[in-house]
There are 4 protein chains.
Amino acid sequence: MSSTPATPTVGRPRDAALDANVLRAAMELLGEGGIAAVTMDAVAQRAGAGKASLYRRWKSKDELLADALTLHSPIDVEVDTGTLRGDLVKLYEHYYGIGNHVMQAAMQEMLGNVRQHLAWTEKVAPERLTARRAKVRALFERAVARGEIAPPADIDLLLDLVPAMVLYRYNTRNQKVSRASIARFVDAAVLPLAGLAAREARP
Amino acid sequence: MSSTPATPTVGRPRDAALDANVLRAAMELLGEGGIAAVTMDAVAQRAGAGKASLYRRWKSKDELLADALTLHSPIDVEVDTGTLRGDLVKLYEHYYGIGNHVMQAAMQEMLGNVRQHLAWTEKVAPERLTARRAKVRALFERAVARGEIAPPADIDLLLDLVPAMVLYRYNTRNQKVSRASIARFVDAAVLPLAGLAAREARP
Amino acid sequence: MSSTPATPTVGRPRDAALDANVLRAAMELLGEGGIAAVTMDAVAQRAGAGKASLYRRWKSKDELLADALTLHSPIDVEVDTGTLRGDLVKLYEHYYGIGNHVMQAAMQEMLGNVRQHLAWTEKVAPERLTARRAKVRALFERAVARGEIAPPADIDLLLDLVPAMVLYRYNTRNQKVSRASIARFVDAAVLPLAGLAAREARP
Amino acid sequence: MSSTPATPTVGRPRDAALDANVLRAAMELLGEGGIAAVTMDAVAQRAGAGKASLYRRWKSKDELLADALTLHSPIDVEVDTGTLRGDLVKLYEHYYGIGNHVMQAAMQEMLGNVRQHLAWTEKVAPERLTARRAKVRALFERAVARGEIAPPADIDLLLDLVPAMVLYRYNTRNQKVSRASIARFVDAAVLPLAGLAAREARP
DNA sequence: GTTTAAGCGAGACGGTACGTCCTGTCTTTAG
DNA sequence: CTAAAGACAGGACGTACCGTCTCGCTTAAAC
């Protein structure tokens with residue numbers, strides 16, 4: 001995930017704070033003005049950086065945006081609510097930045113525009129989404145282990161259902177992701193397909 | 001959906017053939033060289049039109065592309081295979097242009113890039129996708145009528161499942177839509193959620 | 001000079017008033033907004049005409065402007081003040097529309113931009129300026145006849161001196177033509193070169 | 001005259017060679033294909049520059065052309081032939097690029113079209129032509145100093161006579177400037193008005 | 001009176017130049 | 001060697017203008 005290659009020992013060292021500054025600036029612009037507002041000049045200016053510093057760290061705008069998205073959608077979160085449903089909802093809420101409005105808008109906008117940033121599909125998604133998928137997969141395995149569900153027939157599909165619906169509803173009906181929409185996708189699609197009636201307790 | 005505003009009775013009327021020419025040119029370029037090949041100059045040249053004629057009809061490149069997509073994703077198709085599964089697979093194949101390679105590539109590219117063409121989300125999707133959804137919904141109602149399934153609990157979600165998965169797999173894993181992937185999404189997600197085991201005959 | 005070709009006997013006859021309307025509109029726009037304001041669409045609109053009617057009469061914008069200039073700079077004027085100086089000043093004042101402010105501004109702007117309207121140089125100037133030059137030449141010949149001056153050595157050059165200075169001062173110093181500037185060019189250049197001291201009575 | 005505004009000390013400095021490249025390209029195109037061939041894209045391409053670099057230096061095409069003309073009409077030339085006639089002819093030949101065919105054509109085309117480039121009249125002419133006029137004026141003063149002529153009565157007019165005739169003959173009769181035409185204007189107009197018979201030795 | 005041919009206003013058409021903006025690279029001074 | 005600043009080539013976008021064309025309508029001569 002890191003953008004910084006082998007650091008040489010001579011010369012001025014790179015400003016570590018700059019990376020975060022730039023990515024934050026990019027996410028802000030994304031959240032404020034949509035994808036159209038995210039130009040490299042604008043990002044550099046807001047970050048108080050030069051464009052060369054951006055391109056020294058990222059090969060292209062695509063990769064910068066990919067990293068920005070990645071940075072602000074951490075995967076290292078531990079959820080253990082005791083039920084598959086609780087775990088799934090909590091993890092997805094975390095992934096979509098529910099509770100942080102700017103980040104949520106930026107995340108959604110980013111996901112919706114992902115195809116025009118091919119680097120994302122080709123490089124970041126495999127790295128990042130694979131890790132996320134592994135996390136979700138672990139939730140299912142834990143549920144199997146504790147006897148909550150039987151091993152699902154087509155788990156690969158189950159792992160994509162929620163993000164697919166979130167993306168589709170946004171791209172076609174401009175529907176923003178929310179705690180409620182996540183819960184609904186889980187209850188009405190994921191759990192039934194996992195052989196679990198959606199009659200559990202709601203938090 | 002039409003791009004032509006209130007047509008005045010005076011003056012030379014707009015050439016209706018030109019609209020189709022331009023949209024066809026846009027789709028060709030999209031299929032041949034991806035979204036990057038679709039420049040207004042290229043579209044105009046291939047259509048044998050002037051740029052002014054393009055901008056007379058569409059306010060921006062976005063709106064032109066939105067119309068191009070709409071025109072080339074027909075909804076008026078009758079399917080009646082006798083089973084819900086057969087109907088769904090056949091209709092989706094039609095929607096995704098399965099069998100016509102150029103159109104299929106163009107459709108997919110278009111769908112993946114749709115968010116950068118805000119006009120699409122705001123204007124075309126409501127008009128076009130609503131009609132498509134109505135078609136799919138009718139398939140479910142017919143299946144209910146003939147006793148194949150019980151009325152689904154959350155049909156709105158069922159209507160979006162396949163296109164959502166198609167879009168998501170393309171945007172995140174570069175997975176192209178195909179007859180097989182459609183069938184899989186139908187069998188592994190839609191039919192089970194409709195209360196139908198996916199054990200029917202495969203064509 | 002006329003723009004109307006052989007009139008056929010059948011069909012609706014051309015509206016004679018339209019020619020004048022168009023040329024007047026062109027001169028107005030020229031005087032008001034300079035050469036940049038004279039677009040064919042603007043001329044047509046102001047004249048209440050269609051563009052096709054303009055191009056039916058004139059082959060190009062150049063020729064229309066040439067005719068506009070010609071129409072509003074009549075040559076058929078009789079001057080006979082008794083002296084060469086008086087004749088010259090009076091004739092040039094007439095040519096430059098001194099006394100009519102709009103026309104004067106338009107004339108000057110037109111003359112200054114004449115080269116970008118090649119039709120003028122190639123077609124109208126020979127027709128129109130030749131006639132003007134003949135008029136001026138006649139003034140000199142009359143002065144010779146009445147013994148006021150001897151036959152000038154290089155009359156061709158004398159005939160161009162005043163319009164040349166008017167054009168040059170406008171194009172390089174934005175100096176507008178006026179009664180005074182004409183008199184000065186006549187007194188300080190033309191008359192001395194014609195062998196006449198500039199000591200005559202001023203009107 | 002320079003196109004570069006207050007140069008900041010930070011950032012990459014403007015490439016001084018580019019200015020010259022661009023102006024040379026503009027003059028070449030002007031000489032080769034007339035004013036119609038001088039498009040901003042063509043100038044940029046021939047100069048190996050981007051359009052943005054052109055517009056960074058000049059606000060418009062007009063101003064670029066004005067500078068091009070200025071650059072290629074040098075004033076810093078020393079003439080001293082011993083006679084007023086010799087000096088004048090030599091200096092004007094220099095100004096009009098006599099001997100360099102491309103430059104001569106470009107100069108003439110430029111001068112004839114100067115009014116459509118208002119920037120010229122408003123900005124370059126005052127700076128450039130004033131310097132030129134001063135040069136010519138010095139020739140007259142030297143002639144006075146050595147007793148060749150008496151102080152002319154209306155020297156301002158004398159200074160404009162030759163360029164005025166050159167421009168007028170080009171704009172109205174398409175007559176190109178040449179060594180002979182310059183000599184004729186000097187002999188038949190300037191020298192007589194300076195009180196000098198045109199009977200001197202011709203080179 | 002009907003037909004016919006052309007003129008007419010309106011405005012769409014192909015083509016082309018303009019000036020703006022954005023991406024990714026390069027070049028300066030300063031640290 | 002990195003930093004900020006900003007110039008650089010290239011190319012797409014959307015606007016404007018020219019000269020042509022196509023509508024529906026009008027006008028007058030020819031039949």
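Protein chains get the first letters and strands the later ones, always in sequence-line order, with residue 1 at the start of each. Side-chain atoms are counted along with the backbone in the values below, which use heavy atoms only and exclude waters and symmetry mates.
As a whole-Å value, the separation of L29(A) CG from dC22(E) P is 12 Å. Rounded to whole angstrom, the span from the CG atom of N21(D) across to the C1' atom of dA7(F) amounts to 15 Å. The interatomic distance linking Q45(A) (CD) with dA7(F) (P) rounds to 13 Å, in whole Å. What separates CG of L54(B) from P of dT15(F) is a distance of 12 Å, to the nearest Å. Remark: C1' of dG11(E) and CG of L18(B) are 15 Å apart, rounded to the nearest angstrom. Separating the CD1 atom of I35(B) from the P atom of dC13(F) is a distance of 10 Å, rounded to the nearest angstrom. The distance from atom CH2 of W58(A) to atom P of dG24(E) is 14 Å, rounded to the nearest whole Å.
Nearest heavy-atom pair across A44(C) and G50(C) is CB-C, 4.2 Å. The two residues D67(B) and W58(B) come nearest to each other via the heavy atoms OD2-NE1, 3.0 Å. Scanning all heavy atoms of the two residues, the minimum distance from R57(D) to R14(D) falls at NH2-CB, 3.7 Å. Taking every heavy atom of both residues into account, A26(A) and A68(A) meet most closely at CB-CB, 4.4 Å. For the pair K51(B) and M40(B), the tightest heavy-atom approach, listed with the atom from each and the gap, is CG-O, 4.3 Å. Of all the heavy atoms in A49(B) and L54(B), the pair that sits closest is CB-CD1, 4.0 Å.
Here NZ of K61(C) is found 9.5 Å from CG of L64(C). Values are rounded to the nearest 0.5 Å. Expressed to the nearest 0.5 Å, how far OH of Y55(A) lies from CD of E63(A) amounts to 11.0 Å.
Listed pair R14(C) / dA6(E) fails the phosphate criterion, with no side-chain N or O lying under 4.0 Å from OP1 or OP2. Between R57(C) and dC8(E), a side-chain N or O to OP1/OP2 separation shorter than 4.0 Å is present. Residue R56(B) places none of its side-chain N or O atoms closer than 4.0 Å to OP1 or OP2 of dG14(E). Phosphate contact (OP1/OP2 of dA12(E), side-chain N/O of S53(B), threshold under 4.0 Å): absent.
Scanning for side-chain contact (heavy atoms from CB on, under 4.5 Å) contacts around A42(A) gives L29(A), T39(A), with sequence neighbours left out.
Nearest-nucleotide assignment on DNA chain E puts the 5′-proximal partner with G48(C), out of D15(B) and G48(C).
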Between protein and nucleotides 16-20 of chain E, what N or O pairs are separated by less than 3.5 Å?
{"from": "dC18(E)", "atom 1": "OP1", "to": "K61(D)", "atom 2": "NZ", "distance (Å)": "2.7"}
{"from": "dC18(E)", "atom 1": "OP2", "to": "M40(D)", "atom 2": "N", "distance (Å)": "2.5"}
{"from": "dG19(E)", "atom 1": "OP2", "to": "Y55(D)", "atom 2": "OH", "distance (Å)": "2.4"}
{"from": "dG19(E)", "atom 1": "OP2", "to": "K61(D)", "atom 2": "N", "distance (Å)": "3.4"}
{"from": "dG19(E)", "atom 1": "O5'", "to": "Y55(D)", "atom 2": "OH", "distance (Å)": "3.2"}
{"from": "dG19(E)", "atom 1": "N7", "to": "K51(D)", "atom 2": "NZ", "distance (Å)": "2.7"}
{"from": "dG19(E)", "atom 1": "O6", "to": "K51(D)", "atom 2": "NZ", "distance (Å)": "3.0"}

What are the atom names and distances for every N/O pair under 3.5 Å that joins the protein to nucleotides 24-31 of chain F?
{"from": "dT26(F)", "atom 1": "O2", "to": "R12(C)", "atom 2": "NH1", "distance (Å)": "3.0"}

